[in-house]
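Throughout, a chain's letter reflects where its sequence line sits, starting with A, and its residues are numbered from 1. No experiment lies behind these values; they were computed from the predicted model shown.
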2 protein chains.
Amino acid sequence: MLSPDEILAVIEDGGFRSTASRRRLADVLTSHEEGFTAEELVAETPGVGRATVYRTIRLLVEQELLCKLSLPDGTPRYTLAQRGHHHHVVCQNCGSVREFRQSAMERMLKELESSDGDVVTGHRIEVFVVCAECLVRGVVPTNVHQH
Amino acid sequence: MLSPDEILAVIEDGGFRSTASRRRLADVLTSHEEGFTAEELVAETPGVGRATVYRTIRLLVEQELLCKLSLPDGTPRYTLAQRGHHHHVVCQNCGSVREFRQSAMERMLKELESSDGDVVTGHRIEVFVVCAECLVRGVVPTNVHQH
DNA sequence: AGCATAATCGATACTTAGTATCATTTGATG
DNA sequence: CATCAAATGATACTAAGTATCGATTATGCT
């Protein structure tokens, strides 16, 4: 997993400053095993302003150190980035996040490229689950109709 | 494509009432070829309250007559539902929406099912493009880093 | 070490997208 | 055509994030 120092290194390599707030956030960030919300970060870094938390999140998403994803209803969650291209498996109940890779799927999406006059610039794939932990706690999986 | 009457029929079949506001919205909805925002609908149906517009959108998404999707930055858009399971190709510049189907991809996602103790309840796939129309208008495609 | 200054900060006000409340209106049914 | 739950519009609120701005601070320079 990513360490606070690695996060700070990417920030500095990007030409941004290594500040007290960013160090605090890097620490809190790396302590999260699962997905988290922006407001959780705000609550966990007292003294660091809301605006700074959101600014730092935006910076880290741009630097591809954080992934922004969303639950079926659209509420946002963040998770520390994994190495390389990947997608997310999100528990719709507790919001925990795992990753998956499937290169066959990537290839398929690339084939769309020529379908129309459009230029493909990216894609988003999220798989929704009820995770094993939620299942043992008695959560009943109900299908979500997403596209 | 979907007609206002078809929308009203689904509403009534669902046990909901056919009201003046819903008829107005059904008309406006079906006049949209491309994707649209909730606030566009609010602006296009003067006299119908904001709350009613959002309530009706929610109803129609539940009835699977509308699809809710989002641009790379997360801002939401809606589009009239196509028949059967499908996914969306969204222009990141103008927000226009096309659909695509790829049954091989569906099959692949189903295979994930057994990977962990999780139960898969759904998935979301969006492909981002700069569409042909935007390209001729000089929009330069830049890759978005999504997952 | 001291300084200049652009980057960053926190506080605060604002925006966007949507939900909750509630008194009033309305459409389906008998 | 009376009933009454469903639906409505006005309004206040929430969630997630952005813009503004005066104060602070990290970094490069000497």
Side-chain angles (χ1 to χ4, degrees), chain A residues 5 7-29 35-63 66-79 90 95, chain B residues 4-5 7-29 35-63 65-79 90 95:
Chain A
D5 283 351
I7 293 177
L8 265 298
V10 171
I11 287 175
E12 290 184 50
D13 292 356
F16 303 100
R17 290 182 179 171
S18 173
T19 69
S21 297
R22 286 172 179 167
R23 279 188 292 274
R24 303 266 316 278
L25 281 164
D27 286 344
V28 171
L29 237 26
F36 50 87
T37 66
E39 289 302 324
E40 277 167 24
L41 288 190
V42 172
E44 289 163 8
T45 51
V48 179
R50 260 173 60 82
T52 298
V53 172
Y54 277 98
R55 279 189 285 243
T56 306
I57 287 175
R58 177 151 32 96
L59 176 63
L60 294 180
V61 170
E62 277 160 11
Q63 301 296 313
L66 282 185
C67 303
K68 179 175 183 174
L69 39 97
S70 55
L71 300 188
D73 67 355
T75 62
R77 298 194 85 73
Y78 298 91
T79 188
V90 187
Chain B
D5 283 351
I7 293 177
L8 265 298
V10 172
I11 286 175
E12 291 184 49
D13 291 355
F16 303 99
R17 290 183 179 170
S18 173
T19 68
S21 298
R22 285 172 180 167
R23 279 189 292 273
R24 303 265 317 277
L25 281 165
D27 287 343
V28 171
L29 237 25
F36 50 88
T37 65
E39 290 300 325
E40 278 167 25
L41 288 190
V42 173
E44 289 163 8
T45 50
V48 179
R50 259 174 60 81
T52 298
V53 172
Y54 278 98
R55 278 189 285 242
T56 305
I57 287 174
R58 177 151 32 94
L59 177 63
L60 295 179
V61 169
E62 277 160 11
Q63 300 297 313
L65 291 180
L66 281 184
C67 302
K68 179 176 184 173
L69 40 98
S70 54
L71 300 189
D73 68 354
T75 61
R77 297 194 85 73
Y78 297 90
T79 189
V90 187

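A/R55 CZ to A/R50 CZ: the interatomic distance, rounded to the nearest 0.5 Å, is 11.5 Å. The CZ atom of A/R24 lies 11.5 Å from the CG atom of A/L41; values are rounded to the nearest 0.5 Å. Distance check, rounded to the nearest 0.5 Å: CG of B/L65 to CG of B/L59 gives 8.0 Å. The CG atom of A/L66 sits 13.0 Å away from atom CZ of A/R77, with the distance rounded to the nearest 0.5 Å.
Under the rule for a side chain to side chain donor-acceptor pair (under 3.5 Å), the partners of A/S70 that lie at least two apart in sequence or sit in another chain are B/R124. With sequence neighbours excluded, no residue satisfies side chain to side chain donor-acceptor pair (under 3.5 Å) with A/T37.
In terms of modelled atom types and a separation under 3.5 Å, the side chain of A/T56 and the main chain of A/T52 share a donor-acceptor contact.
Heavy-atom minimum distance, B/I57 versus B/A38: CD1-CB, 3.6 Å. The minimum heavy-atom distance between A/L8 and A/S18, with the atom names listed, is CD1-OG, 3.3 Å.
Between its opening and closing five pairs, the helix from C/dA1-D/dT30 to C/dG30-D/dC1 changes axis direction by 40°, a value rounded to 10 degrees.
DNA chain C is contacted by B/R50, B/A51, B/Y54, B/R55, B/R58 of residues 44-58 of chain B, taking any non-hydrogen atom closer than 4.0 Å.
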*Test side-chain hydrogen bond (donor to acceptor under 3.5 Å, both in side chains) on A/Y54 and A/E39 and set out the steps.*
CA-CA 9 Å; A/Y54 277 98; A/E39 289 302 324; 2.7 Å; yes
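The CG-C1' distance, from B/L71 to C/dA17, rounds to 13 Å in whole Å.
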*How would nucleotides 24-30 of chain C be written as a contact map, 5' to 3', with B for base contact, S for sugar-phosphate-only contact and - for no contact, using protein heavy atoms under 4.0 Å?*
--BBS--
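Counting 5' to 3', DNA chain D first comes under 4.0 angstrom of a heavy atom of chain B and last does so at the ends given by D/dA5 to D/dA10.
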